[in-house]
Every structure is written in structure tokens, then in C-alpha cells.
S.K.: 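Before I ask anything, let me first share the structure, which is written out below as C-alpha cells.
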Number of protein chains: 2
Amino acid sequence: MGGPRFEPVRAVRAYERIVEQIEEAVESGALAPGQRLPSERDLMGQFSVSRSTVREALRVLQARGLVRSRPGDPNGAEVLPFTPAALHKSMTTLARVQGLSLAELVQFRMVLDSSANLLAARLRTDEQLAEMDAAIDRMREAVEQDYDAFSAADVAFHDAVARASRNKLIQICTEVVRSIVLGLVSGRIAEADDRVALMRRSIRHHEEVLAAVRAGDGPLAARLSRRTMYDYYVGYVPAEERAALRALLE
Amino acid sequence: MGGPRFEPVRAVRAYERIVEQIEEAVESGALAPGQRLPSERDLMGQFSVSRSTVREALRVLQARGLVRSRPGDPNGAEVLPFTPAALHKSMTTLARVQGLSLAELVQFRMVLDSSANLLAARLRTDEQLAEMDAAIDRMREAVEQDYDAFSAADVAFHDAVARASRNKLIQICTEVVRSIVLGLVSGRIAEADDRVALMRRSIRHHEEVLAAVRAGDGPLAARLSRRTMYDYYVGYVPAEERAALRALLE
DNA sequence: GCTAGTGCACTGGTCTGACCAGTAGGCTAT
DNA sequence: ATAGCCTACTGGTCAGACCAGTGCACTAGC
């Protein structure tokens, strides 16, 4: 024994090499958002491949949210600024394929939101506090009239908290998971008979959370935010899964 | 005014319709993992499109991790069981494009791991406790000899905790973010002069965390786990970013 | 002079048809 | 019965074509 150890090789297709090269250029910043790729016919020359191969590479890059192409555009594909769209897509797939329950999703939101509040209580700026105030004001105005406006203001509050945490990963995951959760329940909330009471209570809870953030009491803000989210969604979680949510409330 | 309100339409390409249909079949379970798609030549008949169009659709599905095709395979593309590979890919892209710092990533791991511990303290089974014990044993054995084995045992411990949390989202995000973090620092740890001391201390910390989990003290386990991870990685985080990490330690 | 309209050159989306290397399974020769 | 070849497929790639849509330069009309 002891001969040279060989590594498994995998056949690398031509289009994958193209994906790698363009991906590298985008991620390294050599290709900035807004810039254009050469046209497909140019690229087939540059890479010495056929147009089909170029196109398959572009399809992959597009699926990853790095570029977008538009028929008829005299320029080539456009390099996109990063959006969590691809992340959102794969998380949605995850949710469907793995059969994620609403309870799991809400639980994850509780984790993210409480951590964001914990950090925000220490790191928030006065401007961010003002944003949170404004969001709660809009929630108050929207009550009894427009659930969509209420929900939007609610989202704005949580976004302000997430930004105040200064952790982009928290911000983006918050955004992604929230949109999945809202997709599952927003219709049911909008039609609920007791939605006005639910909204009023939610506003009160948000005020308490904000007070804790303002006071710099991170652990309290975190605890209250978990409670807030629990109360808001528990009615839509099957009874047998509620214990898992309560495990996050001390 | 007051005419019918029209909705914006977007041109839907043929390959997108194919992606949607196959995606739906996979996510709904109509196509189970391990099953095969018809061959590309069959699909072009079924969808009444050319092979290029079929192939572009398959490229997208492959980029999303739903199917895989292999040249020469007499069967068609294989439907894959869900893996977080696509999620991993888009998070890695996110990390690079948005310039996520190691501090942010570690902070996120602290959030996930502490939440997992909080839940695990209440929900863990005896089998899972045994797994955690075994993982720490392997960490002990690996010390002073093989950093890779130590790291693998460390990973196994955190995975056991994540599973004990019974939240798949936490498990998967843990896995994804951890692999990104390890990709950034594992080389530096393996070469560090004080790595043996670091490993010994880490083992002690893991023992304390496990004791808290065993005792059912979630808040304590959560706090200790944050401290454990902080100590393990703080040496690799630039001094000016450490404050953000410390914000998670009370 | 300026504007409104018209082509034109080029784009991406799709199609057709072809070739190649690789695979699996049946067939054949041993 | 088995070892090895054959064949009918597969996916990967290529070449060349057509179409509808786009932006821009040019032109006709004011």
C-alpha cells in the first residue's frame, strides 16, 4: 500500500465552467450589479462553446439570482444586486418538501426575532427607535380599517428591529421566513372575526417590546418579543404542536 | 376611470412552465426521490417543445437541487431527496456578495445553537443525550492527535443538539452556516499553536453545556453554549467586531 | 431647428437535426 | 455458466435557423 492517493474526479460539464467563471466575477465584484454581460453570441465566442451551452450556463446563473436576461434587450444579461430571492426559493422548497409545519416556522421566527431584539436593545440608534415608533403609530392607524396596512406596519417594525441588530443574516432570514409564514396565515388572520382584538393586543405587546429595547434591556425585549409572536400566531397552530412553541417562553 | 383593473403580466417562457410543472410534482410528492424523469427526448414530446427548452428547464431544476442527470444513464434524470445544498449555495453567495463578516456568521451560529440548546433541554430524549455523550467522548479521544477528528466530533455534538430541538429549520440552518464558518477558519485552527489548549477548553465547555441540557435547564444551556462558541471563535474575529459577539453574552 | 415616426441591427427564446462519449443490459462465444 | 462484446439508448454539445421584441439612428414632416 502507500501508493499515491487519488481523488475522485467528477466530470465537469462545459456549462459548469462557464457558471463558475461568471459567478466568480460577480461574487468578487469584478462584475458589479447593473453591469451587462456580453450577448450570448459574444459569449459563445469568448468561451468557445455553442450557444446552447452558454444558455444553459445563463439559466443556472439566473436560477441563482445573479443575472437576469430580457428578450430583445440590445445589451446582454444584467448583473443583479443580491436579493434573497434564491434563498427564499430554496427555503420555500425546503418547507414544502420537508413538510415544515407552521409551528416550526413560527418557532424559528421567535428565535430570530428575539435575538434581533436582544441585539437591538444594545445596538439601536435613535433613528431606529424613531422608525419603530413610527411603525407602531401606523399599526394604530390601520387597526379596524385595513388589515393589509396593519400587517405592513407590523413588518416594518420587525424589519427596523432586525436592521438594528446589525446582523445581515438575521435580517435576511427574518425576511424570508416571515414571508413564508405570512403566506400561510395572512388570509386566515384577515378573515378572522376577532382580528381587531388580535391587532389591538399585538400593538400593546409591540409597545412593551419597544420600551424594553429603548431601555436597553435586551433579555426582557427578547422575552417579550417571543411572547408577542406566540400570542399572535398560536391560534393558527394545531393544539398538539403548541407545546414546542411554549418551550421558548420561560 | 373605473374600468376593469388589469394586472401586469410577465412573459412566461416555455422552460419556466416546465420547471413549474416538474417542481410542483416533486414538491407535492407525486414524484418521489429516487424516481426517474422520462428522458429528455420523451419530455420534449410530452411538453411539445424542443430538447433545448427541456434541457434549460432541467438545468434550472438541477440548480435548485431537485434533480440530477448523468450522461449515459439509460433512465432519465433522477429525483433527489431534499438536501440543503441549494440553500447552502445561496447562503454562500450571500456571504460573499454582501461581504458577511466572520463575526456575523459566528453571531448567527450563537443564536441558532443557543436556541437549539434551549429547546433540547426540554425536548431531548435519552438516546439523544447518549449521542451527545458519545460525541464528547470522541472529542476527548481526538485531542492531541487529529484536529479533523476533533472537529467532526464537535460537529456531531452540535448536530445532536440541533436534532433534539426538533426543529428542522434550526437543524438545516445550523448545518449550512456551520459549514461556511468552518470553511473560513478550520485551516487557521488546525495550524494554531495553541489548538490543543483550545480543544481542551472546548471539551470542558461542551461538558458544561451537556450537563445543563441533561438537567433540563434550558436558559443555562443556552447561555453556556453562546459562551462556548464565543470562546472558540473569538480569536479569529477582528478585535473591532468582538463587541457585537459579546452583546449576546449577558 | 426640432420632433415624431420608421427601419434596422441586434437581442434572447425556441426549434431542428446532428454527432459524440458514456452506460446498461442483452447476446454471443467460449 | 460466465466473460466479454454489441447495441440501443442516454445526456452533453454543436451548428444553423427563425421569430418576436427592443433600442437607436435615421429620416420625414413640422
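Every chain is numbered from 1 and lettered A, B, ... according to where its sequence line falls, protein lines coming before strand lines. Hydrogens, waters and symmetry mates are skipped; everything else that's a heavy atom, side chains included, is used.
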S.K.: Rounded to the nearest 0.5 Å, what separates atom CZ in B:Phe157 from atom CD1 in B:Ile136?
M.R.: 4.5 Å
S.K.: For nucleotides 6-17 of chain C, give me one character per nucleotide, 5' to 3': B if any protein heavy atom sits under 4.0 Å from the base, S if the only such contacts are to the sugar-phosphate, - if neither.
M.R.: -----BBBBBB-
S.K.: Go through the side-chain N and O atoms of A:Glu27 and B:Thr93 and say whether any donor and acceptor fall under 3.5 Å apart.
M.R.: yes
S.K.: Is the backbone of A:Tyr147 close enough, under 3.5 Å, to the side chain of A:Ser151 for a donor and an acceptor to pair up by distance?
M.R.: no
S.K.: Can A:Arg138 and A:Asp154 be counted as an ion pair, charged N to O under 4.0 angstrom?
M.R.: no
S.K.: Looking only at the side chains, is there a donor atom on one of B:Gln171 and B:Ser165 sitting less than 3.5 Å from an acceptor on the other?
M.R.: no
S.K.: Provide, to the nearest angstrom, the distance between the CG atom belonging to B:Leu43 and the C1' atom belonging to D:dT10.
M.R.: 13 Å
S.K.: Could you check how far CZ of A:Arg17 sits from C1' of D:dG12, rounded to whole Å?
M.R.: 15 Å
